[in-house]
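Single-structure report; data block below.
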Amino acid sequence: MPELPEVEEYGRYIARHALGRRIVRPRVLDERILGATRAAAFVRSLRGRSFTRVRRHGKHLFVYTDRKPVLHLHFGMTGDLAAYRDASKQPRFAKIVFDFEDGSHLAFEDVRLFGVAELIDDPDHFIIDHSLGRDPLDPAFTLKDFRALMSRRTGAIKALLMSQEVVAGLGNLYVDETLFQTGVHPRRSSAKLSGEEIAAIFRTMRAVARKPRLHVPREEGSPCPRCGGVIRRAVAAGRTTYYCANHQR
DNA sequence: TTCCATGTTCCGCA
DNA sequence: TTGCGGAACATGGA
């Protein structure tokens, strides 16, 4: 379930279950998850290494080792992690498994293969090369910065918040939640938002990225839990969108 | 059998 | 140049 809050949890999960453990055997169960990395290089580069640090930017996770290549993980739509000791607990859709010296295992699983587990040289270069925007949880990300980003945009606010080049980490569900909480219609033009609305979106987006419960019912015709209006289902920014037809304008 | 899916990328069009 | 719709990717689950 990978948007920013989930990826943040995966980062902590790796910190808890993998950091400081020596990899005795990296196993590639399905090469299609490797992106541009070749299986032989993946195994050769990680065998004998230890994971030393986890870093997240948006929906991307970077796991450093005690040497050069950095493991880059992206969870696509169905990526997940599983740590276990009993080898029989290996997940059905595991694509990569790390066998650690202490007998524990960490699996990267992904049913639909939209995720990636690959080796890269430098996360900073990766972020630049992929034009990733600011991370909502970055403490240095200010409302002023956000206003500057917004000022050059005219398209629908939902598309803007979904774009990883503007703000990195929000996906379909959390964008719907942000707009629901701020009372802004997903198709509103970014250029027509008031200063107050932009500030509210900024605040809410950052709060939502810390993973509160989601309030927008993802079901057409449900009553709005906030105002009693009716929840509508539509397509915006190419994605199924749920919003309250009454209080989101 | 058909439809749907929390992501990203690429193409074509306005 | 900007923005967006649609398709593609690959697959399981309702």
Side-chain angles (χ1 to χ4, degrees), chain A residues 1-11 13 29-37 56-62 72-82 91-96 108-118 120 126-133 135-137 148-181 185-193 205 208-222 231-243:
Chain A
M1 301 154 66
E3 289 187 42
L4 188 157
E6 290 78 26
V7 178
E8 177 74 13
E9 285 188 357
Y10 291 144
Y13 191 81
L29 280 53
D30 189 332
E31 296 189 23
R32 293 175 297 172
I33 203 71
L34 290 180
T37 305
R56 182 191 58 72
H57 187 99
K59 302 172 193 172
H60 300 264
L61 224 48
F62 304 102
H72 165 233
L73 299 178
H74 189 280
F75 296 83
M77 285 175 80
T78 52
D80 202 356
L81 294 172
R92 181 177 165 201
F93 298 106
K95 305 299 179 189
I96 302 281
F108 178 76
E109 50 183 316
D110 186 2
V111 172
R112 285 171 67 187
L113 287 165
F114 291 172
V116 66
E118 64 183 353
I120 62 169
F126 181 92
I127 290 166
I128 292 166
D129 290 347
H130 291 77
S131 307
L132 295 181
D135 188 283
L137 295 188
L149 290 169
M150 297 281 287
S151 71
R152 285 176 254 127
R153 300 300 185 124
T154 58
I157 182 61
K158 171 148 182 173
L160 182 145
L161 293 177
M162 293 269 292
S163 162
Q164 302 299 297
E165 299 190 11
V166 178
V167 173
L170 301 183
N172 197 25
L173 268 52
Y174 288 89
V175 167
D176 278 2
E177 181 66 18
T178 298
L179 296 176
F180 175 83
Q181 288 191 27
H185 193 287
R187 283 205 252 259
R188 273 277 292 288
S189 161
S190 312
K192 292 183 179 165
L193 295 167
M205 152 184 104
V208 160
R210 290 193 188 84
K211 193 166 188 178
R213 244 193 319 253
L214 301 178
H215 299 287
V216 208
R218 296 192 77 71
E219 189 182 357
E220 165 92 46
S222 298
I231 297 299
R232 294 274 181 236
R233 178 186 196 273
V235 174
R239 311 292 304 196
T240 301
T241 301
Y242 293 91
Y243 66 99

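Each chain gets a letter, A, B and so on, in the order its sequence line appears, and its residues count up from 1.
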Residue among A:Met205, A:Lys211, A:Met162 satisfying side-chain contact (heavy atoms from CB on, under 4.5 Å) with A:Tyr174: A:Lys211
N or O in side chain of A:His74 less than 4.0 angstrom from B:dG7 OP1/OP2: no
Pair A:Phe126 and A:Phe62, ring centroids less than 6.0 Å apart: yes
So which atom in [X] and which in [Y] form the shortest heavy-atom distance, rounded to 0.1 Å?
| X | Y | answer |
| --- | --- | --- |
| A:Asp135 | A:Leu137 | OD1-N, 2.9 Å |
| A:Phe180 | A:His215 | CE2-CB, 3.7 Å |
| A:Pro186 | A:Ala236 | CB-CB, 4.4 Å |
| A:Gln164 | A:Gly169 | OE1-N, 2.9 Å |

Pairing nucleotide - B:dA14, Watson-Crick or G-U, each distance under 3.5 Å: C:dT2
Base paired to C:dA10 (Watson-Crick or G-U; both N/O distances under 3.5 angstrom): none
Starting at atom [atom1] of [X], determine the distance to atom [atom2] of [N], rounded to an integer number of angstrom.
| X | N | atom1 | atom2 | value |
| --- | --- | --- | --- | --- |
| A:Arg32 | B:dT8 | CZ | P | 20 Å |
| A:Asp110 | B:dT6 | CG | C1' | 12 Å |
| A:Leu132 | B:dG7 | CG | C1' | 13 Å |
| A:Glu6 | B:dT6 | CD | C1' | 7 Å |
| A:Leu173 | B:dC4 | CG | P | 17 Å |
| A:Phe114 | B:dC4 | CZ | P | 16 Å |
| A:Leu214 | B:dT6 | CG | P | 12 Å |
| A:His130 | B:dT8 | NE2 | P | 11 Å |

A:Tyr242 versus A:Arg218, side-chain donor and acceptor atoms under 3.5 Å: no
Heavy-atom donor-acceptor pair, A:Glu177 side chain to A:Val216 backbone, under 3.5 Å: yes
Residues from residues 154-164 of chain A lying under 4.0 Å of DNA chain C - heavy atoms: A:Thr154, A:Gly155, A:Ala156, A:Ala159
Touch class at under 4.0 angstrom, heavy-atom based, for A:Tyr174 against every strand present: nothing
Whichever of A:Arg187 and A:Arg239 has its nearest DNA chain C nucleotide further upstream toward 5': A:Arg187
A:Glu31 atom CD: more than 12 heavy-atom contacts under 6.0 Å: no
Nucleotide range of DNA chain C lying under 4.0 Å from chain A heavy atoms: C:dG3 to C:dG13
